[in-house]
Amino acid sequence: WVASNHMVKMGGELRQMYGSATNTNNYIPAYSFTSLLNFADDESNQMTRYVDPRTGEPVTAYSELTQTEWAIFINDDWKLTQNFTLNVGLRYENYGTFKDSDDGLRNLIYGPGATDRERLASARVDFVDKFFPTDNNNIAPRLGFAWDPRGDGRTSVRGGYGLAFDRLMNLPTENYRHSPPLRASVVLGQ
């Protein structure tokens, strides 16, 4: 939209993010040995594998994450004089929260207590419907300028400032699939 010495732009975007991972390497047990001789004698001191604690059966670590992201913006390029333009804008971004389509999402749940230390000491890992509450405060202002000091179109001085937000990457987030309750270590005899 152009009116007088203003040029206003606005727009938005909407994305449905999707990420999935299957990890079968811990379906087969991993053994650790205290020495080369114990390895040669097949005397491990620990075996680790993914198991479902409800059944004791080995399982595969699988995740299927979805996340809805959207943003809107408005920007005004305001030509104050023949050789000076001021850029003012505002952007809002909402990255939602991760959800797992097979309801296998796990996270740390703080327990009761008067202090953070007490709440952490009584915390547990359990199934959750979402990783974290959606952050609805991602308001990002923009301010910039363009100045032609001589007014001849051969030199320009530009500057700007703005806040920006970015999404949380899927891959580190998908590591929840390695969290309890689907992992067990068995310490074998010495």
Side-chain angles (χ1 to χ4, degrees), residues 12-35 38-39 43-73 90-142 161-190:
E13 60 184 316
L14 174 65
R15 284 191 300 253
Q16 179 71 38
M17 302 302 290
Y18 172 79
S20 66
T22 303
N23 186 340
T24 59
N25 67 337
N26 285 312
Y27 186 85
I28 299 169
Y31 296 93
S32 61
F33 300 89
T34 56
S35 70
N38 284 350
F39 175 74
E43 294 180 16
S44 65
N45 72 329
Q46 186 174 0
M47 175 190 76
T48 303
R49 78 182 318 174
Y50 285 125
V51 296
D52 185 334
R54 298 164 291 195
T55 63
E57 295 295 317
V59 295
T60 300
Y62 177 74
S63 67
E64 189 172 302
L65 293 178
T66 58
Q67 180 185 24
T68 303
E69 303 174 356
W70 61 277
I72 56 174
F73 75 91
L90 190 63
R91 181 176 177 92
Y92 174 77
E93 296 177 292
N94 189 304
Y95 291 102
T97 186
F98 291 104
K99 295 184 180 183
D100 191 332
S101 64
D102 68 351
D103 296 326
L105 194 61
R106 298 174 296 281
N107 206 353
L108 183 71
I109 299 173
Y110 286 107
T115 66
D116 286 338
R117 177 176 245 160
E118 290 174 1
R119 292 183 68 211
L120 187 58
S122 60
R124 72 185 195 288
V125 174
D126 207 343
F127 292 99
V128 295
D129 62 338
K130 59 184 177 181
F131 256 139
F132 47 81
T134 300
D135 181 3
N136 296 314
N137 299 316
N138 295 340
I139 298 171
R142 311 279 202 258
Y161 169 82
L163 290 178
F165 296 92
D166 201 359
R167 65 187 302 274
L168 185 63
M169 299 300 291
N170 279 19
L171 190 55
T173 306
E174 287 175 352
N175 284 330
Y176 77 87
R177 67 184 184 266
H178 300 294
S179 298
L182 300 180
R183 184 172 182 102
S185 293
V186 177
V187 178
L188 305 172
Q190 296 283 342

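Bear in mind the structure is a predicted one, so any value in this text is a computation, not a measurement.
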- [ ] Under the side-chain contact (heavy atoms from CB on, under 4.5 Å) rule, collect the residues that match up with Ser122, sequence neighbours excluded.
- [x] Pro112

- [ ] Kindly compute the distance separating CG (Leu120) from OH (Tyr110), expressed to the nearest 0.5 Å.
- [x] 5.5 Å

Open item on the list: Nearest 0.5 Å, please: how far is OG1 in Thr34 from CD in Glu43?
Closed with: 8.5 Å

TODO: Please identify each residue that fulfils side-chain contact (heavy atoms from CB on, under 4.5 Å) with Arg117, with sequence neighbours left out.
DONE: Thr115

TODO: Measure the CG-CD1 distance between Asp126 and Ile109 for me, rounded to the nearest 0.5 Å.
DONE: 4.5 Å

Open item on the list: Checking Asn38 against Ser44: is there a side-chain donor and acceptor pair closer than 3.5 Å?
Closed with: no

Task: Between CD1 on residue Ile72 and CG on residue Leu14, distance to nearest 0.5 Å - done: 12.0 Å

- [ ] Check Lys99 against Asp129 and note the closest heavy-atom contact, atom names and distance.
- [x] CG-O, 4.0 Å

- [ ] Could you pull out all residues at least two apart from Arg91 that satisfy salt bridge (Lys or Arg N to Asp or Glu O under 4.0 Å)?
- [x] Glu13, Glu93

Task: Partners passing side-chain contact (heavy atoms from CB on, under 4.5 Å) against Asn136 (at least two apart in sequence or in another chain) - done: Tyr92, Asn94, Thr134

Task: Pairing residues for Glu69 by the salt bridge (Lys or Arg N to Asp or Glu O under 4.0 Å) criterion, not counting sequence neighbours - done: Arg15, Arg167

Task: Counterpart residues, ring pair (Phe, Tyr, Trp, His ring centres under 6.0 Å), relative to Phe39 (two or more places apart) - done: Phe33

Task: Min side-chain heavy-atom separation Asn45-Ser32 under 4.5 Å - done: yes

TODO: Drop me the distance from Leu108's CG to Arg124's CZ, to the nearest 0.5 angstrom.
DONE: 9.5 Å

Open item on the list: Using every non-hydrogen atom in the two residues, find where Phe165 and Ile139 come nearest and quote the distance to one decimal.
Closed with: CE1-O, 3.7 Å

- [ ] Would you confirm whether Arg142, through its side chain, and Leu163, through its main-chain N or O, come within 3.5 Å as a donor-acceptor pair?
- [x] yes

